[in-house]
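Chain naming here is simple, since letters A, B, ... match the order of the sequence lines and numbering starts at 1 in each. Keep in mind that the numbers below use all heavy atoms, side chains included, and drop hydrogens, waters and symmetry copies.
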Amino acid sequence: DAKTTQPTSMDCAEGRAANLPCNHSTISGNEYVYWYRQIHSQGPQYIIHGLKNNETNEMASLIITEDRKSSTLILPHATLRDTAVYYCIVRPQEKSNYQLIWGAGTKLIIKP
Amino acid sequence: DAGVTQSPTHLIKTRGQQVTLRCSPKSGHDTVSWYQQALGQGPQFIFQYYEEEERQRGNFPDRFSGHQFPNYSSELNVNALWLGDSALYLCASSLGTGILGQFFGPGTRLTVL
């Protein structure tokens, strides 16, 4: 499976957009990009996933570069409750039995 | 809907002991996966149970075993505990074995002394 590189930590002001980058330069053509987050003392929570097109849902937007070697998760109006560790994961196919391989993620701190 | 529940919340054991962790899946889910999360790291997949059988397994030794009951709840057993087994153990449930729609529980914090 392709690996990802994320910054260890980031800060963002409350109410501003939080942009979390992820590098996946060795991604294969059939690998999806998934984003999860883990708030302190809770289990991980699915946010969004995509293959090549930009995606948006009620939680966030996912921007994938045209060459698919990197992506950015955007939280449009960050709140204090968005403080969490954010994981970017690549995985083949959407419904196969391949399990996710998790890295250490980015610790996002939203400041008042 | 109670979501995924795990028990106990915290547990302290000594080296060499055995431990059993429990997970009740979200209502309507039939598949349970277990993960180990060391401090500061992402979760590592241990195994997945569906129809009361182990369907997939990660790179964990045979000391880690599990069980799924007819009501879809599951247990994780770890024998001969090492200090390195200290971690947060997460349970995730889903309908079917795919990862989309997987919900995680809050975890059990295991400390091995």
Legend entry - Hydrophobic cluster membership, A:Ile89 vs A:Tyr32, 4.5 Å side-chain cutoff: yes

Legend entry - Between CZ on residue B:Phe104 and CD on residue A:Gln38, distance to nearest 0.5 Å: 8.5 Å

Legend entry - Same apolar cluster: B:Ile46 and A:Tyr36, side chain cutoff 4.5 Å: no

Inset, instruction - Step through the shown structure and confirm whether more than 12 heavy atoms of other residues, nucleotides or ligands are within 6.0 Å of CG on B:Asn59. - result: no

Legend entry - Close approach to chain A in residues 85-95 of chain B, criterion heavy atom under 4.5 Å: B:Leu88, B:Leu90

Inset, instruction - Using a cut-off of 6.0 Å, state whether more than 12 heavy atoms not belonging to B:Arg55 lie near its atom CZ. - result: yes

Inset, instruction - Report whether B:Phe60 and B:Leu21 are members of the same hydrophobic cluster (ILVMFWY, side-chain heavy atoms less than 4.5 Å apart, transitive linking). - result: yes

Inset, instruction - Report, as yes or no, whether the 6.0 Å neighbourhood of atom OH on B:Tyr72 holds more than 12 heavy atoms from other residues, nucleotides or ligands. - result: no

Legend entry - Approximate separation, where rounding is to 0.5 Å, of B:Gln44 CD and A:Leu100 CG: 11.0 Å

Legend entry - Residue pair A:Trp102, B:Tyr35: steps toward the side chain to side chain contact (heavy atoms under 4.5 Å, CB included) verdict: CA-CA 11 Å; A:Trp102 303 67; B:Tyr35 296 81; 4.0 Å; yes

Legend entry - Neighbourhood of chain B inside residues 103-112 of chain A, taking heavy atoms under 4.5 Å as contact: A:Gly103, A:Ala104

Legend entry - A:Tyr86 with A:Val90, same ILVMFWY side-chain cluster at under 4.5 Å: yes

Legend entry - Joint hydrophobic cluster, B:Phe64 plus A:Ile101, side-chain heavy atoms closer than 4.5 Å: no

Inset, instruction - Under 4.5 Å heavy-atom distance to chain A, tell me which part of B:Gln6 shows up: side chain, backbone, both or neither. - result: neither

Legend entry - Student check: side-chain heavy atoms of A:Pro44 and B:Pro43 closer than 4.5 Å: yes

Inset, instruction - Check whether more than 12 heavy atoms from other residues, nucleotides or ligands sit under 6.0 Å from atom CZ of B:Arg15, and answer yes or no. - result: no

Legend entry - B:Leu39 atom CG, over 12 foreign heavy atoms within 6.0 Å: no

